Amino acid sequence: MIDLALTRAGLLAEIGAPAAPMPPLEDPLDPRIRAPHACLRVRGHTQNELFALLEVVLSRRFGAAERARCLADLLAPLRSALGNAFKHGNGGEPTRWITVEAFLSPTGAVVAVSDQGAGFDVAAALRRLRAGERYFTSEGAGLRRLDRARSLVTYEEGGRTLLLRFLGASEKEGSAPRLPEGEWLRRELSAHAPDLAPWLAEPGSLEVHPAFGRSGPGGQDRDLRHDRDLLPGRDGADRRDSGGDHEALDLRCVLRPGAAGMGEPGLRILTARLHPDATAAAADFEAASRLYQALRPKRVWIPRPLARPATEPRLVVYDFHPWMSFGEYLAERDDAELARRRCGRMGRALASLHGSRIVFATTASELAAERFRS
């Protein structure tokens, strides 16, 4: 909810931030960000480059919070704030900066998003929004989403800085299940994806985390103590004897620039899927490769499959960063007309697939028509 009477000092006090200013960290993968109290400062030119790294930091930080609330009250409003800063604040100018400061505590976060624009009359826009009058020049979804979030929002500097306060329990340092370090995967990707070389040039430039914090795409909590033993260890030992009755597990591969001269600090996010067995992974990789090469439906992105590492043949790595599932996307927006348009887009993409000459191999476990016939 937007409340223009709020102040930065008051919001910081609500999350229990220290009275003395904390020196800001500028590396989103700095381990000190996991301390009970921390401050991260980053800047960039576009919504996408900044949101990717902030989503990683905040999802990991608040993995203990309810996922639906984290999406609706932190991540979605933050993405709207970044979009407004780029589109309206900076007028879409790719040379202007957006600066973000995230103050983190054990009970929540205060995120400040600043642009280099002229600002705007926030009070007037808010009055028109709540009176049902036209208050926007585009769709107006950003301000509306900020006002309906349960987190608190206010503005500074004549509308050039937005402050978002989110309350949610942080993961205690060391409590979240951790997967093995990504050094073995970094070497595999270096051999299979030469275009990623600048991101994989240095040891330690890739980290592996569970996707969506401790919850799966549908929001169900998942115990990763068993799953994390399914990947090769730091010593390269093969741990594939842990059993194959689990469901496919999505993993987040976080890459930081490894070569000098790549500009401002940023992250690149890949998605890996660990299948129950090598046969399923091979079928997935083959199908994904055929789709990417042969099928190009309009307005639907088909992720590029990057590698199926020899070290772990059950793993498929994609150039893809799905920070929310399709169902979560529709639920967060709660708009029947938008749902109709998006489902129509998916239907047209499936029509393109069925009208193509692409044929996939099937196995007994993949015959969905038989499984769901009744």
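Each residue takes its place number in the sequence, starting with 1. Predicted model, so just to flag it, every value in this text is computed and none were measured.
The CH2 atom of Trp301 sits 6.0 Å away from the CZ atom of Phe320 when rounded to the nearest 0.5 Å. For the atom pair CG (Leu206) and CG (Leu200), the distance works out to 6.5 Å, reported to the nearest 0.5 Å. The line from CG of Leu25 to SG of Cys39 is 7.5 Å long, rounded to the nearest 0.5 Å. Taking OH of Tyr292 as the start and CG of Leu306 as the end, the distance is 9.0 Å to the nearest 0.5 Å. Here the CZ atom belonging to Arg69 is positioned 11.5 Å from the CG atom belonging to Leu75, to the nearest 0.5 angstrom. A distance of 4.0 Å separates CZ of Arg43 from CH2 of Trp97, quoted to the nearest 0.5 Å.
Not one N or O on the side chain of Thr46 forms a donor-acceptor pair closer than 3.5 Å with the backbone of Pro94. Listed for the Arg61 side chain is a donor-acceptor partner under 3.5 Å among the backbone atoms of Ile33. Judged by distance alone, with hydrogens and angles left aside, the side-chain atoms of Ser205 form a donor-acceptor pair with the main-chain N or O of Trp199 at under 3.5 Å.
Across Pro36 and Pro106, no two heavy atoms sit closer than the pair O-CD, 3.1 Å. Smallest separation of non-hydrogen atoms from Leu164 and Leu78: CD2-N, 4.2 Å. The heavy-atom pair separating Leu6 from Leu11 by the smallest distance is CD1-CD2, 4.1 Å. When all heavy atoms of Val316 and Phe285 are compared, the closest pair comes out as CG1-CD1, 3.8 Å. What you find for Arg60 and Pro28 is that their closest heavy atoms are NH2-O, 3.6 Å. Closest approach of Arg304 to Arg268, counting heavy atoms only: NH2-NH2, 4.2 Å.
Counting only heavy atoms from C-beta outward, the side chains of Leu291 and Leu353 approach each other to under 4.5 Å. In this structure, the side chains of Leu71 and Glu66 stay at 4.5 Å or more apart for every pair of heavy atoms. For the pair Val113 and Leu50, the minimum side-chain heavy-atom distance is 4.5 Å or more. Side-chain contact between Ile15 and Thr107: present, with at least one pair of heavy atoms (C-beta onward) separated by less than 4.5 Å. The side-chain heavy atoms of Arg314 and Pro276, taken from C-beta on, include no pair separated by under 4.5 Å. At a threshold of 4.5 Å between non-hydrogen side-chain atoms, the residues Glu188 and Val317 do not count as touching. Residues Glu312 and Leu185 form no side-chain contact, since every pair of their non-hydrogen atoms from C-beta on lies 4.5 Å or further apart. For the pair Leu82/Arg79, no side-chain contact is recorded, criterion being any heavy-atom separation below 4.5 Å from C-beta on.
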Fill in: Audit row: Leu146, Tyr155, side chain to side chain contact (heavy atoms under 4.5 Å, CB included) steps and yes/no
CA-CA 12 Å; Leu146 290 166; Tyr155 286 82; 3.7 Å; yes
Fill in: Full working for side chain to side chain donor-acceptor pair (under 3.5 Å) between Asn90 and Arg160
CA-CA 9 Å; Asn90 287 347; Arg160 289 187 295 273; over 6 Å; no
Fill in: CA sep, side-chain torsions, deciding dist, call: Leu274, Leu315, side chain to side chain contact (heavy atoms under 4.5 Å, CB included)
CA-CA 5 Å; Leu274 182 66; Leu315 197 70; 3.9 Å; yes
Item to complete: Start with the C-alpha distance between His321 and Glu55, add both sets of side-chain angles, then the distance that settles side chain to side chain contact (heavy atoms under 4.5 Å, CB included), and finish with yes or no.
Response: CA-CA 10 Å; His321 177 210; Glu55 189 271 332; 3.0 Å; yes
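In the hydrophobic cluster analysis, where Ile, Leu, Val, Met, Phe, Trp and Tyr join through side-chain heavy atoms closer than 4.5 angstrom, Ile98 is grouped together with Leu58. In the hydrophobic clustering of ILVMFWY residues, with side-chain heavy atoms under 4.5 Å counting as a link, Leu163 and Val42 come out apart. Under the 4.5 Å side-chain heavy-atom criterion for grouping Ile, Leu, Val, Met, Phe, Trp and Tyr, Leu143 is connected to Val111 within one hydrophobic cluster. One hydrophobic cluster holds both Phe166 and Met324 under the rule that ILVMFWY side chains link at heavy-atom gaps under 4.5 Å. Linking Ile, Leu, Val, Met, Phe, Trp and Tyr residues whenever their side-chain heavy atoms come within less than 4.5 Å leaves Val153 and Phe103 in two separate clusters.
In this structure, Arg130 pairs ionically with Asp147, as a charged nitrogen and a carboxylate oxygen lie closer than 4.0 Å. With respect to the salt-bridge test (charged N to carboxylate O, under 4.0 angstrom), the residues Asp27 and Arg32 do not qualify. Salt bridge annotation for Glu26-Arg41: absent, with no cationic side-chain nitrogen under 4.0 angstrom from a carboxylate oxygen.
The one candidate from Asp284, Asp250, Thr271 that meets the side-chain hydrogen bond (donor to acceptor under 3.5 Å, both in side chains) condition with Tyr318 is Asp284. Under the salt bridge (Lys or Arg N to Asp or Glu O under 4.0 Å) rule, Asp73 has a single partner from Arg165, Arg150, Arg67, which is Arg150.
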